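Numbers here simply count residues along the sequence, with the first being 1. We use all heavy atoms of the structure for the numbers below, so side chains are in, but hydrogens, waters and symmetry mates are not. This one's a predicted model, so the numbers in the text were calculated from it and none came from an experiment.
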Amino acid sequence: MSEGTAAGDSVPATMRAVVVTRPGGLDALEIKDVPVPVRKPGWVRIRVKAFGVNESEVTTRKGESDAEVTYPRVPGIEGVGVVEEADGAGGLRPGQQVATMMGNMGRSFDGAYAQYVTVPAAQVIPFETSLPWEVVGALPEMFQTAYGSLTTGLGLRAGQTLLIRGGTSTVGLSAATIAKDFGATVLSTTRSPGRTGELTAVGVDHPLVDDGTLAAQVRALLPDGVDAALELVGCSVLADTLSTVRSHGTVCFTGALAGQWTIPDFTPFMIPSGVRLTSYAGEATDLPADVFGHQLQAIAEGRLKVPVAKVYHGLEQVRAAQAHLESGTTPGKHVVVLDD
């Protein structure tokens, strides 16, 4: 090949992929034979081994994404696999295990619900692990969001206290395991008393049942408030979350599980004196390769737990995976593995 090298024999001309040709219900997820994507200079072609299923892809399937999403589209904002073709950009080479995520993947260009995907080299993270693909496939977007929120958003340090609001979400569960690995004390919430065990299972020190007001519960444990709070529920509870944090502590707004992204008639004076409010909406570059490698090693050693809800085999199971994700009945990540 004139512009790159490929691993193994020649790549087939076509591949199987899940394609959304028009917004709709689960039946809009159609398996089609499509051309294998051509790699652009500075991009990498990856043979997909597994991918996580995310709310963003449900939104794309329903036609509720912003204007940058066009159809027909192969969804999938993250994936893991093996480099099949590269031109040396980013030091990547055929045969490497890699993860990729975000960067409009599965939105303005085709994503990982396919046998092959091409992405810019800048959003590819190389790694080496003997962990199974079904475990690694759960990690990229989930860990990138959790890690970026804790570091870029909160600057969390060992010995500090952290409140996670929305703790039984995949990001919330991941953030708890990473924060414990940092050496933090973790308080985390669920709206259901029956789900506190899920929080304890990932190392949460103080599971809290969220009835809409947390300040009294948090202050009963820590009279001065927590050092940091990760907001995953959204603007409907943000004022209350701000009231759980000590002076000079920080709240990072990362998600809106309750669906409210804005605050009517917002005033900066709703922020308690001395409390800092930040946000996080990062990219693959916020999860450096050495950090991802450390997390994989910690999983292998049993120090980090991966909240996997269910593993599915084959593109035929994508509809089921999205249906189970929407139902919200099983905590953790839904992962699709593409068996050879």
Side-chain angles (χ1 to χ4, degrees), residues 54-55 142-143 145-151 153-156 160-246 249-261 263 270-272 275-281 304-309 325 327-333:
N54 300 281
E55 293 285 356
M142 182 170 66
F143 267 24
T145 303
Y147 178 81
S149 297
L150 297 180
T151 54
L154 292 170
L156 190 69
Q160 290 190 315
T161 51
L162 169 71
L163 169 67
I164 302 171
R165 193 158 199 170
T168 53
S169 65
T170 57
V171 173
L173 294 168
S174 298
T177 65
I178 295 170
K180 290 302 297 180
D181 194 48
F182 281 1
T185 297
V186 178
L187 298 74
S188 190
T189 74
T190 174
R191 289 179 297 172
S192 171
R195 299 186 69 179
T196 57
E198 297 168 20
L199 302 177
T200 304
V202 295
V204 170
D205 300 284
H206 302 287
L208 304 176
V209 177
D210 188 351
D211 62 0
T213 55
L214 283 178
Q217 292 188 66
V218 172
R219 299 279 177 170
L221 293 167
L222 301 163
D224 292 333
V226 293
D227 297 304
L230 174 56
E231 179 60 77
L232 299 172
V233 173
C235 289
S236 59
V237 297
L238 180 59
D240 183 60
T241 300
L242 286 162
S243 69
T244 68
V245 179
R246 65 167 176 82
T250 304
V251 175
C252 177
F253 186 100
T254 293
L257 295 168
Q260 184 177 333
W261 291 91
I263 300 175
M270 71 170 282
I271 304 173
V275 174
R276 299 159 179 149
L277 175 61
T278 68
S279 65
Y280 178 75
L304 282 186
K305 300 181 187 298
V306 181
V308 173
L325 173 65
S327 73
T329 56
T330 307
K333 192 82 173 200

Specify the closest pair of heavy atoms between [X] and [Y], including all atoms of both residues, with the distance to one decimal.
{"X": "Pro307", "Y": "Leu173", "answer": "CB-CD1, 3.6 Å"}
{"X": "Ala184", "Y": "Leu156", "answer": "CB-CD2, 3.9 Å"}
{"X": "Leu150", "Y": "Ala175", "answer": "CD1-O, 3.6 Å"}

Run the side chain to side chain contact (heavy atoms under 4.5 Å, CB included) test on Thr151 and Phe182 for me, step by step, so that the C-alpha distance in whole Å, both residues' side-chain angles and the decisive distance to 0.1 Å come before the verdict. CA-CA 10 Å; Thr151 54; Phe182 281 1; 4.0 Å; yes

Between Val218 and Val226, does the side chain to side chain contact (heavy atoms under 4.5 Å, CB included) criterion hold? Intermediate values first, please.
CA-CA 8 Å; Val218 172; Val226 293; 3.8 Å; yes

Who pairs with [X] by side chain to side chain contact (heavy atoms under 4.5 Å, CB included), at least two apart in sequence or on another chain?
{"X": "Ile263", "result": "Cys235, Leu238, Phe266, Met270"}
{"X": "Thr200", "result": "Pro207"}
{"X": "Asp240", "result": "Arg165, Thr213, Leu214, Ala215, Ser243"}
{"X": "Asp224", "result": "none"}

Applied to residues 182-191, the side chain to side chain donor-acceptor pair (under 3.5 Å) test, sequence neighbours excluded, yields none

Looking at residues at least two apart in the chain, or sitting in another chain, which of them share a side-chain hydrogen bond (donor to acceptor under 3.5 Å, both in side chains) with [X]?
{"X": "Ser174", "result": "none"}
{"X": "Glu198", "result": "Arg195"}
{"X": "Asn54", "result": "Glu57, Glu78, Lys333"}
{"X": "Thr244", "result": "none"}

Has the side chain of Gln160 got a donor or acceptor atom that lies under 3.5 Å from a matching backbone atom of Gly183?
no

According to the salt bridge (charged side-chain N to carboxylate O under 4.0 Å, His left out) rule, which pairs have a member within [range], sequence neighbours left out?
{"range": "residues 166-179", "value": "none"}
{"range": "residues 249-261", "value": "none"}
{"range": "residues 225-239", "value": "Asp227-Arg246"}

Value for CD1 (Ile271) from CG (Leu242), rounded to nearest 0.5 Å, stands at 6.0 Å

Only one of [options] clears side-chain contact (heavy atoms from CB on, under 4.5 Å) with [X]; which?
{"X": "Leu187", "options": "Asp205, Leu222, Leu199", "value": "Leu222"}
{"X": "Lys180", "options": "Leu162, Val204, Val186", "value": "Val186"}
{"X": "Ser149", "options": "Leu154, Ile178, Leu230", "value": "Leu230"}

- request: Take Leu232 and Ile164, measure what side chain to side chain contact (heavy atoms under 4.5 Å, CB included) needs, and give me the verdict at the end.
  value: CA-CA 7 Å; Leu232 299 172; Ile164 302 171; 4.0 Å; yes

